[in-house]
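A quick write-up on the structure given underneath.
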Amino acid sequence: MADGARIIGREQLARLVEVLAARGYAVMAPTVRGGAVVLDEVHGVDELPWDVGDVQEPGSYRLTERGDGAVFGQAAAVKAIKPVLFPPDELIWRGHRSGTQFSVTDREGQPQRPVAFLGVRSCDLRALAQHDRVLADRAFPDTRYLRRREGVFLAAVTCADPADACFCTSMGGGPHPEEGYDLALTELVDPHRFVVEIGTELGAQVLAEVGSEAAAPEDLAAVRDQIASATERMTRSMDTDGLRDLLYASAESPVWDEVGNRCLTCMNCTMVCPTCFCTTVEDVSSLGSADAERRRVWDSCFSEEFAHIHGGSLRTEAKSRYRQWLTHKLGAWQDQFDALGCVGCGRCITWCPVGIDLTAEVAKLRAAAPLSVGGAR
Amino acid sequence: MFDESLKSSALPKLAVWKFASCDGCQLSLLNCEEELLTVAGAVSIAYFPEATRGVVEGPYDVSLVEGSVTSPEEIERIGQIREMSKTLVTLGACATSGGIQALRNFADVAEFRSIVYAHPEYLSTLARSTPISAHVSVDFELRGCPIDKGQLLEVLAALVESRRPRIPTYSVCAECKRRGNVCVMVANGTPCLGPVTQAGCGALCPTYERGCYGCFGPQNTPNTAALSDQLVAAGMPPEVAMRVYRTFNAAAEPFRRESERQERAVAVAGKGAGR
């Protein structure tokens with residue numbers, strides 16, 4: 001934990017939202033929509049999920065009343081950073097035909113206000129780092145992503161109450177945001193206050209406008225206790241040792257047949273995954289119009305059409321699509337981007353309508369694999 | 001409005017045909033309202049009794065066919081329509097899977113007939129309601145009960161522009177999540193056929209926190225068995241798990257197979273209880 005941590009109260013949390021809005025940000029924070037906590041634009045702290053908790057298990061999500069008044073007392077929100085910086089459907093260009101001529105009339109789409117995220121978790125920051133790597137830090141960066149990404153303000157929070165679906169600790173993360181934030185808050189409830197760590201100069205400036213006090217050693221001790229307690233309660237895990245080789249050696253494993261029988265190929269997992277980045281490009285023209293658009297739309301390896309090449313789809317069966325997804329996420333991603341594609345947020349486990357759990361599937365693959373790649377049993 | 005610069009001298013001749021159906025799908029064409037002048041600018045409406053008494057004789061470039069085949073006369077008529085149509089597109093659940101009237105496929109039509117009609121001998125009806133594709137070759141099937149007018153316009157645009165229609169065959173979940181909806185099944189325990197149903201409606205029901213009824217029929221690789229197992233495990237009685245598939249697309253093969261699997265489960269459970 002960084003030196004120089006500060007303390008703010010509930011009034012300053014409200015002030016933080018006001019300061020960010022006054023600086024021109026759209027403030028995206030946890031709020032309840034459609035029976036779940038999502039990150040969406042808020043205009044005041046009243047819209048935050050005070051005293052709301054969540055139970056996230058394979059294929060099931062329920063809101064609860066916490067009883068302790070905490071505002072950030074939930075695990076990963078179903079929608080967080082991804083749909084904001086990497087929208088599900090975006091314009092690449094718009095063009096107009098006149099006679100035999102064709103001209104591009106719009107390459108920009110709708111201008112967007114810079115976004116301040118309040119209440120994102122360590123897993124969200126680590127997923128964002130993956131998207132930065134995949135979309136921005138390459139020879140041909142995604143300019144639209146970069147433009148939205150550059151103006152972002154990040155106020156993260158420590159995940160005090162991880163869900164049953166969470167397993168970030170085994171993916172190299174943990175409940176406490178370690179890097180990549182402007183401010184990092186840890187919520188303490190007795191009395192209700194927030195310990196704030198400053199990550200950037202911008203974060204320091206924003207906090208100075210909000211007003212804060214120096215944190216006492218007891219506050220810092222309470223933060224450490226919270227991190228330790230949250231880490232301890234995260235019981236789900238994935239053994240990542242030799243994972244890439246395990247997956248490559250398991251291409252013909254019978255485990256895929258079994259999971260393929262349960263998989264709905266509905267794409268929910270890839271849509272809620274904060275690192276999945278596959279898209280398709282659609283050319284859109286409408287009847288009787290001389291205007292056309294090229295749009296980029298989220299796609300998924302669980303769609304048959306995704307693997308359609310000349311002559312048909314390469315992956316007609318559910319098992320081959322699940323295998324593709326898991327092998328890329330946990331194996332080929334390492335070759336491609338030198339990292340694991342999974343941050344352990346548990347969203348794909350919670351939001352799979354039939355509750356398929358990738359940590360269980362990896363364990364089954366390991367158990368079914370030859371000793372040379374399966375490792376210790 | 002139709003862009004005049006795109007106007008071609010010979011507009012494709014369009015005909016709209018009705019078989020056993022409620023008229024809702026062809027009504028979707030009239031419901032285009034704002035786009036109707038555009039449609040009229042892009043095609044020549046040659047035969048469309050619901051809209052006009054004027055009839056231009058065939059052959060036709062495009063025939064839109066609504067409804068299922070339920071009588072011997074209809075088998076003959078669809079053959080004639082196919083012969084005079086360059087492109088034949090079927091519209092809606094009736095035309096693409098047999099419709100709600102395909103519930104007769106699971107029962108005894110003669111029995112219905114004797115109960116409902118005073119003089120059943122005057123009726124000439126088939127034992128099964130079948131999609132148009134069971135009788136003639138179909139160039140494109142547009143799903144839905146009713147069809148989505150945006151998709152209808154897209155198919156017409158594709159035909160006029162000689163390109164492939166941009167009609168996805170994956171699940172409702174894809175468009176539901178792109179739209180930013182929270183999954184009603186996971187978050188509320190609401191039974192939802194979205195995972196096994198083809199996209200196209202814009203995830204209309206889940207957007208209003210209702211479960212999907214499957215009115216666009218099965219997606220291209222539906223795992224109905226896994227979804228039913230989950231619904232039953234979550235407390236849905238098997239007879240209900242059977243009925244959720246017996247609606248507008250009851251005779252679509254994956255839905256028929258699944259409802260019959262559930263029907264067998266009900267029968268087995270019934271025997272067990274009787275012992």
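Just so it is clear, the model here is predicted, and its values are computed rather than measured. Chain letters run A, B, ... following the sequence lines, proteins first, then strands; residues in each count from 1.
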For [X] versus [Y], what's the shortest heavy-atom pair and its separation?
X: B:S171; Y: A:C266; result: OG-O, 2.8 Å
X: B:N188; Y: A:G35; result: OD1-CA, 4.3 Å
X: B:A187; Y: A:G34; result: CB-O, 4.3 Å
X: B:Q230; Y: A:V354; result: OE1-CA, 3.6 Å
X: B:Q219; Y: A:L264; result: NE2-O, 3.3 Å

Non-hydrogen side-chain atoms of [X] and [Y] separated by less than 4.5 Å:
X: B:Y170; Y: A:T265; value: no
X: B:R178; Y: A:V297; value: yes
X: B:V186; Y: A:T350; value: yes

| request: Would you please test A:S286 and B:E35 for side-chain contact (heavy atoms from CB on, under 4.5 Å) and show each step? | output: CA-CA 10 Å; A:S286 45; B:E35 300 89 353; over 6 Å; no

| request: Could you please state which residues from residues 313-322 of chain A sit under 4.5 angstrom from chain B, measuring non-hydrogen atom to non-hydrogen atom, sorted by number, or 'none'? | output: A:T316, A:R321

| request: Pull out the residues in residues 79-86 of chain A that come under 4.5 Å of chain B, heavy atom to heavy atom, sorted by number. | output: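 Only A:K79 of residues 79-86 of chain A have a heavy atom under 4.5 Å from chain B.
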
| task | Sequence neighbours left out, what passes salt bridge (charged side-chain N to carboxylate O under 4.0 Å, His left out) with B:D229? Give chain and number order. | result |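 B:R261.
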
| field | Region of B:R179 that comes under 4.5 Å of a non-hydrogen atom in chain A | value |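 Neither part.
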
| request: Please state whether the side chain, the backbone, both or neither of B:V39 comes within less than 4.5 Å of a heavy atom of chain A. | output: both

| field | Audit row: A:W351, B:V182, side-chain contact (heavy atoms from CB on, under 4.5 Å) steps and yes/no | value | CA-CA 9 Å; A:W351 296 99; B:V182 169; 3.8 Å; yes

| With sequence neighbours excluded, residues passing side-chain hydrogen bond (donor to acceptor under 3.5 Å, both in side chains) with A:D89 | A:R295

| query | Does any heavy atom of chain B fall under 4.5 Å from the side chain of A:V38, the backbone, both, or neither of them? | reply |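 The side chain, not the backbone.
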
| said: Under a 3.5 Å distance rule, please check whether B:T38 uses its side chain to pair with a backbone N or O of A:L287 as donor and acceptor. | reply: no

| field | Carboxylate-amine/guanidinium proximity below 4.0 Å for B:E161 and A:R97 | value |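 Result for this pair is no, no salt bridge flagged.
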
